[in-house]
Amino acid sequence: MGAAGADWLTRPERESDEHPDEALDAIGIQRGSTVADLGAGVGYFTWRLAGRVGKNGVVYGEDIQQAMLDLLAKNMSTRHLTNVRAVLGTVEDPKLPKDSIDLVLLVDVYHEFSEPEKMLDRIRESLKPNGRIVFLEYRAEDPEVPIRPEHKMTVKQVRAEVEPEGYKFDKTIEVLPQQHIIIFRKP
């Protein structure tokens with residue numbers, strides 16, 4: 001999605017469709033931690049993460065489009081958040097600091113990767129030992145989820161792609177109305 005479609009990322013019904021705060025409650029974001037929001041777009045989850053990690057934590061809001069990062073920076077400034085660092089990544093590398101991230105969050109973005117193996121490799125390098133990578137993806141198993149099929153994934157599909165890249169499956173949390181929360185750890 002380009003910056004021209006950014007309004008869709010902040011549509012009013014997103015709160016009721018996706019329950020972002022309930023998702024973050026289920027994931028468990030620690031105060032003082034360092035987290036990354038990959039494919040952050042305008043920062044819909046980034047600002048929520050910034051509040052949860054607190055002033056002693058850091059959030060990297062990563063996107064591959066500078067126009068999205070410009071909108072993210074504007075939104076963080078409006079919210080007076082100073083613990084967010086915008087990062088311009090590439091399709092092969094999120095450009096995150098090595099061995100420094102406690103949690104990487106990918107909200108409805110993994111299925112968009114054109115180079116998933118390379119991205120997963122670079123993400124793994126950025127994680128601390130036992131760091132978590134968390135996927136929120138629309139449930140492909142549920143035909144009632146009103147999202148086009150190419151924007152949905154099954155848990156089996158995510159596991160089949162992520163585990164061979166050196167991640168250990170931790171758990172799936174099913175508390176959201178339309179999405180899976182799928183968590184892996186760096187061994």
Undergrad: Using the rule that two of Ile, Leu, Val, Met, Phe, Trp, Tyr join whenever any of their side-chain heavy atoms come within less than 4.5 Å, decide whether Val35 and Leu96 are in one cluster.
TA: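 No, it is not one cluster - the side chains of Val35 and Leu96 are not joined through contacts under 4.5 Å.
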Undergrad: Would you say Trp47 and Leu24 are hydrophobically clustered, going by side-chain heavy atoms of ILVMFWY under 4.5 Å?
TA: yes
Undergrad: Would you check, one step at a time, whether the test side-chain contact (heavy atoms from CB on, under 4.5 Å) holds for Tyr138 with His151?
TA: CA-CA 7 Å; Tyr138 284 102; His151 296 290; 5.6 Å; no
Undergrad: Go through Ile27 and Ile181 one step at a time and tell me if the side-chain contact (heavy atoms from CB on, under 4.5 Å) criterion holds.
TA: CA-CA 8 Å; Ile27 293 165; Ile181 301 172; 3.8 Å; yes
Undergrad: Supply the atom-to-atom distance Thr46 OG1 to Asp37 CG, rounded to the nearest 0.5 angstrom.
TA: 3.5 Å
Undergrad: List the residues meeting side chain to side chain contact (heavy atoms under 4.5 Å, CB included) with Thr90, not counting sequence neighbours, and say none if there are none.
TA: Glu92, Asp93, Lys95
Undergrad: What pairs meet the salt bridge (Lys or Arg N to Asp or Glu O under 4.0 Å) rule with one or both residues in residues 144-155, with sequence neighbours excluded?
TA: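 Applying salt bridge (Lys or Arg N to Asp or Glu O under 4.0 Å) to every pair that reaches into residues 144-155, excluding sequence neighbours, yields Arg148-Glu150.
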Undergrad: Would you please name every residue forming a salt bridge (Lys or Arg N to Asp or Glu O under 4.0 Å) with Glu117, sequence neighbours left out?
TA: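 Residues passing salt bridge (Lys or Arg N to Asp or Glu O under 4.0 Å) with Glu117: none at all.
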Undergrad: Return the set of residues passing side chain to side chain contact (heavy atoms under 4.5 Å, CB included) with Lys156 (not counting sequence neighbours), or none when no residue passes.
TA: Thr154
Undergrad: Name all pairs fulfilling the side chain to side chain donor-acceptor pair (under 3.5 Å) condition that reach into residues 49-61, sequence neighbours left out, sorted by first residue then second.
TA: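 Matches after skipping sequence neighbours: Asp25-Arg52.
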Undergrad: Mind checking the CG-CD spacing from Leu136 to Gln178? Nearest 0.5 Å is all I need.
TA: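 So the CG of Leu136 and the CD of Gln178 are separated by 11.5 Å.
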Undergrad: How long is the straight-line distance from CG of Leu127 back to CD1 of Ile101, given to the nearest 0.5 Å?
TA: 7.5 Å
Undergrad: Would you say the side-chain atoms of Asp108 and Gln179 include a donor-acceptor pair closer than 3.5 Å?
TA: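 Yes, side-chain donor-acceptor contact under 3.5 Å.
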Undergrad: Please list, one pair per line, the donor and acceptor atoms closer than 3.5 Å that link side chains of residues 82-89 to other protein atoms, with sequence neighbours excluded.
TA:
{"residue": "Asn83", "atom": "ND2", "partner": "Ala50", "partner atom": "O", "Å": "3.1"}
{"residue": "Asn83", "atom": "ND2", "partner": "Gly54", "partner atom": "O", "Å": "2.8"}
{"residue": "Arg85", "atom": "NH1", "partner": "Thr82", "partner atom": "O", "Å": "3.0"}

Undergrad: So, using ring pair (Phe, Tyr, Trp, His ring centres under 6.0 Å) as the criterion, who are the partners of Tyr110 when residues are at least two apart?
TA: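 Phe113, Phe135.
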Undergrad: Among all residues two or more places apart in sequence or in another chain, which pass the side chain to side chain contact (heavy atoms under 4.5 Å, CB included) test with Ala73?
TA: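 For Ala73 there are no side chain to side chain contact (heavy atoms under 4.5 Å, CB included) partners, ignoring immediate neighbours.
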Undergrad: Can you tell me how far CD1 of Ile182 sits from CZ of Phe169, rounded to the nearest 0.5 angstrom?
TA: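 Those atoms lie 7.5 Å apart.
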Undergrad: I'd like to know whether CD of Gln66 has more than 12 heavy-atom contacts from other residues, nucleotides or ligands below 6.0 angstrom.
TA: yes
Undergrad: Roughly how far apart are Asp63 CG and Leu38 CG, rounded to 0.5 Å?
TA: 9.0 Å
Undergrad: Check whether Leu106 and Val59 end up in the same hydrophobic cluster, where Ile, Leu, Val, Met, Phe, Trp and Tyr are linked by side-chain heavy atoms less than 4.5 Å apart.
TA: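 Looking at the clustering, Val59 is in a separate group from Leu106.
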Undergrad: Which pairs count as salt bridge (Lys or Arg N to Asp or Glu O under 4.0 Å) when at least one residue sits in residues 176-187, sequence neighbours excluded?
TA: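 Only Asp99-Lys186, Asp170-Arg185 qualify under salt bridge (Lys or Arg N to Asp or Glu O under 4.0 Å).
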Undergrad: Name all residues meeting the ring pair (Phe, Tyr, Trp, His ring centres under 6.0 Å) criterion together with His180; count only those two or more places apart in sequence or in a different chain, and write none if there are none.
TA: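 Applying ring pair (Phe, Tyr, Trp, His ring centres under 6.0 Å) to His180 gives none.
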Undergrad: So, using salt bridge (Lys or Arg N to Asp or Glu O under 4.0 Å) as the criterion, who are the partners of Arg132 when residues are at least two apart?
TA: none
Undergrad: I'd like to know if Lys118 pairs up with Asp121 as an ion pair, taking the criterion as any Lys NZ or Arg NE/NH1/NH2 lying under 4.0 Å from an Asp or Glu carboxylate oxygen.
TA: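 Answer for the salt bridge query: no.
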Undergrad: How long is the gap from CG on Leu81 to CG on Leu49, to the nearest 0.5 Å?
TA: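 Answer for the CG-CG pair, Leu81 versus Leu49, is 10.5 Å.
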Undergrad: Which residues satisfy the salt bridge (Lys or Arg N to Asp or Glu O under 4.0 Å) test with Arg159, sequence neighbours excluded?
TA: Glu163
